[in-house]
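Below is one structure, written out as structure tokens; comments come after it.
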Amino acid sequence: MQKKRVLSLLVKNHSGVLSKIALLFTRRGYNIHSLSVGITENPKRSRMTIEVIEDKQMLEQIVKQLNKLLDVIKVTCHTKEDSVIQDLCLIKLKMEKIEDTNQILLITRKFNAKIVDFGNNALILEFVGREKKVGDLLQALKNFEIIEYIQTGVTAMKKTIDNK
């Protein structure tokens with residue numbers, strides 16, 4: 001059975017690292033479902049969060065290959081039980097009537113979303129949550145015209161301290 005797997009890679013922060021990792025996936029024929037990269041508490045290191053949709057055997061093989069790369073410091077496999085796994089999305093909605101604003105305010109409160117920009121004819125919502133909750137929010141907004149939508153790749157962090 002195939003399912004989503006989330007990996008975090010602690011890597012050296014310099015040019016070319018992302019290309020090497022993407023190339024490893026490409027050469028093995030594995031598709032990256034989502035990818036997010038950012039600097040860490042140490043500016044010499046970055047963290048990549050990669051989500052793949054593959055089987056367990058593929059995951060074991062790719063982790064072994066990633067650990068062989070010189071720029072990879074550590075590979076962590078995440079599960080929803082042991083990690084916080086979140087997506088960020090921005091949703092631009094068309095605003096035509098004041099009633100729309102009131103309904104959207106109710107929805108944002110229910111989902112703990114934030115209005116980050118409010119203009120004459122549109123507003124932008126920000127929402128952070130698990131993929132299912134993002135889907136639930138989009139379903140709740142189905143009666144409104146979504147002008148633009150973007151969702152980041154997942155970001156994940158273990159709930160406990162790893163002393164290794």
Side-chain angles (χ1 to χ4, degrees), residues 1-11 13 15 17-19 21-26 28-41 43 45-56 58-59 62-63 66 75-160:
M1 181 180 155
Q2 294 184 336
K3 65 181 188 176
K4 291 182 181 175
R5 308 285 185 164
V6 178
L7 303 172
S8 285
L9 282 65
L10 186 61
V11 299
N13 185 17
S15 64
V17 175
L18 177 58
S19 296
I21 290 168
L23 185 60
L24 184 145
F25 277 83
T26 301
R28 305 291 183 285
Y30 302 136
N31 186 44
I32 294 174
H33 181 70
S34 77
L35 170 71
S36 62
V37 183
I39 197 160
T40 67
E41 67 284 352
R45 296 179 177 180
S46 293
R47 184 167 316 277
M48 295 181 183
T49 307
I50 302 172
E51 184 177 41
V52 295
I53 302 176
E54 288 296 332
D55 59 41
K56 187 174 179 168
M58 180 284 303
L59 183 69
I62 203 74
V63 167
L66 288 166
V75 178
T76 303
C77 298
H78 295 279
T79 66
K80 61 184 177 182
E81 292 79 25
D82 69 6
S83 300
V84 174
I85 302 171
Q86 301 284 325
D87 286 73
L88 163 71
C89 67
L90 297 174
I91 307 165
K92 187 187 298 180
L93 299 167
K94 186 173 185 178
M95 300 303 302
E96 294 182 349
K97 303 174 277 193
I98 195 71
E99 296 84 29
D100 290 347
T101 306
N102 293 334
Q103 288 180 302
I104 290 171
L105 284 172
L106 289 173
I107 293 169
T108 58
R109 282 190 207 116
K110 178 181 176 184
F111 284 89
N112 202 24
K114 293 186 335 188
I115 296 174
V116 293
D117 188 71
F118 193 89
N120 292 334
N121 60 358
L123 65 79
I124 298 175
L125 298 179
E126 174 188 84
F127 180 71
V128 177
R130 292 185 182 243
E131 186 178 33
K132 183 186 179 328
K133 286 290 189 185
V134 172
D136 292 345
L137 174 59
L138 291 172
Q139 181 64 29
L141 294 169
K142 70 180 181 197
N143 295 327
F144 303 96
E145 184 179 344
I146 296 177
I147 299 167
E148 196 173 349
Y149 171 81
I150 188 163
Q151 183 174 341
T152 66
V154 317
T155 302
M157 183 179 283
K158 289 279 189 182
K159 293 178 181 177
T160 58

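Since we're looking at a predicted model, the values are computed, not measured. Starting from 1, each residue takes its place in the sequence as its number.
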Next on the checklist: Just checking Lys158: does its NZ atom have more than 12 heavy atoms from other residues, nucleotides or ligands closer to it than 6.0 angstrom?
Outcome noted: yes

Checklist entry - Under the side chain to side chain contact (heavy atoms under 4.5 Å, CB included) criterion, do Val134 and Cys89 qualify, and how do the steps go? => result CA-CA 8 Å; Val134 172; Cys89 67; 4.1 Å; yes

Checklist entry - For the side chain of Asn13 and the backbone of Ser46, is there at least one donor-acceptor N/O pair under 3.5 Å apart? => result no

Item to check | Shortest non-hydrogen separation from Ile32 to Val52 and the atoms involved | outcome: CA-CG1, 4.4 Å

Item to check | Minimal non-hydrogen separation, Phe127 against Phe111, with atom names | outcome: CE1-O, 2.9 Å

Next on the checklist: Would you compute the distance between atom CG of Asn31 and atom CD of Glu51 and round it to the nearest 0.5 angstrom?
Outcome noted: 11.0 Å

Checklist entry - What is the distance from atom NZ of Lys92 to atom CD1 of Ile124, rounded to the nearest 0.5 Å? => result 5.0 Å

Next on the checklist: For Glu131 versus Asp87, what's the shortest heavy-atom pair and its separation?
Outcome noted: N-OD1, 4.0 Å

Checklist entry - Any donor-acceptor pair under 3.5 Å linking the side chain of Thr40 with the backbone of Arg47? => result no

Next on the checklist: I need the minimum non-hydrogen distance between Leu24 and Leu66, along with the two atoms involved.
Outcome noted: CD1-N, 4.2 Å

Next on the checklist: For the backbone of Glu81 and the side chain of Lys159, can you confirm whether one donor and one acceptor N or O come within less than 3.5 Å of each other?
Outcome noted: yes

Checklist entry - Got Val11 and Leu18 here, is their nearest side-chain heavy-atom distance under 4.5 Å? => result no

Checklist entry - Do side-chain atoms of Glu126 reach the backbone of Leu90 as a donor and acceptor pair under 3.5 angstrom? => result no

Item to check | With sequence neighbours excluded, residues passing salt bridge (Lys or Arg N to Asp or Glu O under 4.0 Å) with Asp136 | outcome: Lys132

Checklist entry - Is the count of non-hydrogen atoms from other residues, nucleotides or ligands lying under 6.0 Å from Leu23 atom CG greater than 12? => result yes

Next on the checklist: One pair to check against side chain to side chain contact (heavy atoms under 4.5 Å, CB included): Met48 and Val17. What are the steps and the verdict?
Outcome noted: CA-CA 10 Å; Met48 295 181 183; Val17 175; 3.9 Å; yes

Checklist entry - Does the pair Ile147 and Leu93 meet the rule for a side chain to side chain contact (heavy atoms under 4.5 Å, CB included), with working shown? => result CA-CA 6 Å; Ile147 299 167; Leu93 299 167; over 6 Å; no

Item to check | Smallest separation among heavy atoms of Ala156 and Ile85, with atom names | outcome: CB-CG1, 3.9 Å

Next on the checklist: Would you compute the distance between atom CD1 of Ile115 and atom CD1 of Ile91 and round it to the nearest 0.5 angstrom?
Outcome noted: 11.5 Å

Item to check | Any donor-acceptor N/O pair, Lys133 side chain to Val128 backbone, under 3.5 Å | outcome: no

Checklist entry - Is there a donor-acceptor pair closer than 3.5 Å between any side-chain N or O of Ser8 and the backbone N or O of Thr76? => result no

